[in-house]
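Please read the structure below before turning to the comments.
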2 protein chains.
Amino acid sequence: MSIPEPVARRTQPNADSAAEDYLKTIYHHTEWQSAPVTPSVLAATMGVAPSSVTEMAKKLSAAGLVNYEPYKPLTLTAEGTARARGVIRRHRLIETWLVDEMGYDWHEVHDEAEVLEHSISDRLLDAIDSRLGHPTRDPHGDPIPSADGSVESSPALLLSQAAIGTSGMVVRISDRDPSLLLSLAAAGIRPSTTLSVVSRDASTGFIVRVAGATESDADGGPLVPVSASGGSSIWISAPA
Amino acid sequence: MSIPEPVARRTQPNADSAAEDYLKTIYHHTEWQSAPVTPSVLAATMGVAPSSVTEMAKKLSAAGLVNYEPYKPLTLTAEGTARARGVIRRHRLIETWLVDEMGYDWHEVHDEAEVLEHSISDRLLDAIDSRLGHPTRDPHGDPIPSADGSVESSPALLLSQAAIGTSGMVVRISDRDPSLLLSLAAAGIRPSTTLSVVSRDASTGFIVRVAGATESDADGGPLVPVSASGGSSIWISAPA
DNA sequence: GCGAATTTTTAGGCGCACCTAAAAGTGCCA
DNA sequence: TGGCACTTTTAGGTGCGCCTAAAAATTCGC
Ligand SMILES: [Mn+2]
Ligand SMILES: [Mn+2]
Ligand SMILES: [Mn+2]
Ligand SMILES: [Mn+2]
């Protein structure tokens, strides 16, 4: 007859996933290019109003995660950086798991990871990490921060900033645009593919030569067009 | 120089996970025992104030998921039942996955599933379901609703309601109390274990005899004490 | 069948993460 | 150096899911 136990079920639904997304986005902006992260930039990236950024900036500042002074760009504190890397670690391990074990293709994983990164426990994250053998790169070539917070950074060059004739290995491709990922996969372009820049035109886009999987295909594989926006989504290894 | 794309990142954090938990809890109350689900009962189970239940009841009623009339018990509409089963399907498949593939023990999975049940996509749920071979029972013996919404129900008897001398197979053990699960596992009691009720005392608890894994151990295995609350957490198959 | 105890609903608030509109600050450049 | 465009902050407001306290309805014991 006992009432079914007042189970303290209120595991708060989603903790502070909004805050986590702000931290992650601030970190992201400094990860590859490093322009100052102003409220307007952050607002545009996150799809919120600038005033929302100001509000959150104050909260994160009060929590010691963000350095905020009115009218100045936002930066992460050491603690904020650590937290951001934690979220990114989750995101990328989840993406890797989805591709390696759950039959997802690389263009399908971003949105799922965007949600799960806030829900998964440390325990489960560790289990995934172990199963995958502690990977250091996600399916898009992004480095996976290690559990202790260190990140392997490889210097890279945006395709849009490479001179004609430059060649290098694809290091990383932004996972934000699924259709780009789909078309690049079709063209055989993935992290570790070797490319060379054949032509570039700010408006039209680029043409790259894709080296075959084997080195034998010496003087070049197929020519592939890459849109202008694709050019700002592909990083190649910086020439030595 | 382009601003980093106004990605419509607002995948709403957690959809309506609160609503899902209400539906699930209402369903739960009718799944094993069927007392009327009043606001006070629901409030106690969910750990919220009764007034919160009334409010949510109105919302769910407006959404066509719950039948609500002031001062009457809540019931689920057909649509509400379907939704509840969907959440429960997610919950139990996640639990099964955690135990079968991720190295969790059965007493550790409930809380993780409580969160993930609201975050996982249909796509991922299907992938998990396939990997596991479309299981029909979770680690605690609870039936997993199928994708089309049907549920296999096996008539069962609460240990606390079984007469002395009754024996039967454990069909299901509530997953709400991890410490109970831990001690039952230590005593070798799991779904499909055969038990017989040796003694019962409403206040002290119960003593059950656990049959060995093999039938050979005919006239009985070890005697195990079960607390009073444990008695309301273990279901055994109803005698034929 | 009536009053008291209990349950349920209503009323009014709170924090969160968002918004729009208005005010204030910054910085460029004529 | 002053004006003006642009950015940022402030002010005030919304919906959600929760709360407490008070009011209303129901139920139960006599
Ligand atoms: Mn996210
Ligand atoms: Mn990625
Ligand atoms: Mn839940
Ligand atoms: Mn279970």
Side-chain angles (χ1 to χ4, degrees), chain A residues 1-4 6-26 29 35-63 65-75 87 114-115 118-119, chain B residues 1 3-4 6-26 29 35-63 65-75 87 114-115 118:
Chain A
M1 222 356 46
S2 63
I3 289 165
V7 185
R9 175 217 59 108
R10 266 296 100 199
T11 321
Q12 72 279 49
N14 218 5
D16 16 48
S17 76
E20 288 186 344
D21 279 335
Y22 278 92
L23 294 175
K24 193 180 63 164
T25 306
I26 295 170
H29 265 273
V37 183
T38 60
S40 56
V41 165
L42 202 45
T45 312
M46 308 219 1
V48 300
S51 56
S52 303
V53 174
T54 301
E55 281 173 15
M56 184 60 87
K58 288 178 183 170
K59 271 174 223 162
L60 295 175
S61 171
L65 300 172
V66 156
N67 301 121
Y68 170 68
E69 289 192 75
Y71 300 102
K72 300 223 265 177
L74 302 173
T75 59
V87 182
E114 195 60 39
V115 176
H118 308 292
S119 324
Chain B
M1 230 339 61
I3 290 165
V7 185
R9 174 217 59 109
R10 267 296 102 199
T11 321
Q12 73 278 49
N14 218 4
D16 15 47
S17 77
E20 288 186 344
D21 279 336
Y22 278 92
L23 294 175
K24 193 180 62 164
T25 306
I26 295 170
H29 266 272
V37 183
T38 60
S40 56
V41 164
L42 202 46
T45 312
M46 309 223 353
V48 300
S51 57
S52 303
V53 174
T54 301
E55 283 172 15
M56 183 59 87
K58 287 178 183 169
K59 272 175 221 161
L60 295 175
S61 171
L65 300 172
V66 156
N67 301 120
Y68 171 67
E69 289 192 76
Y71 300 101
K72 299 224 265 178
L74 302 172
T75 59
V87 182
E114 195 62 45
V115 175
H118 308 291

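Just so we're on the same page: letters track the sequence lines, and every chain starts at 1. Atoms considered below: every heavy atom in the structure, side chains included; atoms not considered: hydrogens, waters and symmetry mates. Note that the structure is a prediction, hence the values are computed from the model and not measured.
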* With rounding to the nearest 0.5 Å, note down the distance linking CD1 in Ile26(A) to CG in Asp21(A). => 11.0 Å
* Structure fact -> Against the side chain of Glu55(B), the closest entry in dT8(D), dA17(C), dG12(C) is dG12(C)
Using nucleotides 23-27 of chain D, report all nitrogen or oxygen pairs with the protein that are shorter than 3.5 Å.
from    : atom 1 : to       : atom 2 : distance (Å)
dA25(D) : O4'    : Tyr71(B) : OH     : 3.1

* To do: Could you grab the distance from atom CG of Asn67(A) to atom OG1 of Thr75(A), nearest 0.5 Å is fine?
  => 3.5 Å
* Tell me: CG of Leu74(B) to C1' of dT7(C), nearest whole Å? -> 13 Å
* **Tyr71(A) side, atom OH; Thr38(A) side, atom OG1 - distance, nearest 0.5 Å** => 13.5 Å
* To do: With the side chain of Val48(A) defined as its heavy atoms from C-beta on, choose the nearest nucleotide among dC19(C), dT9(D), dT8(D).
  => dC19(C)
* Between dT8(D), dC18(C), dT10(C), spot the one nearest the side chain of Thr38(A), thanks. => dT8(D)
* **Spacing between Asp16(A) atom CG and dG15(C) atom C1', to the nearest angstrom** => 13 Å
* **Listed nucleotide nearest any side-chain atom of Pro50(A), set dT9(D), dC18(D), dT10(D)** => dT9(D)
* Nearest-angstrom distance from the residue atom CG of Leu42(A) to C1' of dC18(C) -> 14 Å
* Identify whether any heavy atom of Lys72(A) sits under 4.0 Å from a base atom; if not, whether one sits that close to sugar-phosphate; answer base, sugar-phosphate or nothing. => nothing
* Asked: Looking only at side-chain N and O atoms, does Tyr68(B) come under 4.0 Å of OP1 or OP2 in dT8(C)?
  -> no
* **Non-hydrogen side-chain atoms of Leu74(B) and Val53(B) separated by less than 4.5 Å** => yes
* Can you tell me how far the CD atom of Glu20(B) sits from the CG atom of Leu65(B), to the nearest 0.5 Å? -> 10.5 Å
* Heavy atoms, side chains only, cut-off 4.5 Å: are Val87(B) and Leu23(B) in contact? -> no
* To do: For Lys58(B) and dG15(D), give me the distance from atom NZ to atom C1', rounded to whole Å.
  => 16 Å
* Asked: Between His118(B) (side chain) and Glu114(B) (backbone), is there a donor-acceptor pair under 3.5 Å?
  -> yes
* Quick one: is dC19(C) close enough that its OP1 or OP2 comes under 4.0 Å of any side-chain N or O from Ser52(A)? -> yes
* Structure fact -> Here the distance between atom C1' of dC16(D) and atom NZ of Lys59(B), to the nearest Å, is 6 Å
* For atom CD of Glu20(B) and atom P of dC16(D), their distance in whole Å -> 16 Å
* Just to confirm, is there a sub-4.0 Å distance from OP1 or OP2 of dC18(D) to any side-chain nitrogen or oxygen of Ser51(B)? -> no
* Asked: Among the nucleotides dT9(C), dT10(C), dA17(C), which one has an atom lying closest to any side-chain atom of Met56(A)?
  -> dA17(C)
* **Close side-chain approach of Tyr22(B) to Ser52(B), heavy-atom, < 4.5 Å** => yes
* Asked: Quick one: which of dC19(D), dT20(C), dC18(D) gets closest to the side chain of Ala49(B)?
  -> dC19(D)
* Asked: Are Tyr22(A) and dC16(C) close enough that a side-chain N or O sits under 4.0 Å from OP1 or OP2?
  -> no
* Return the nearest nucleotide to the side chain of Thr54(B); candidates are dA17(C), dT9(C), dC19(C). => dT9(C)
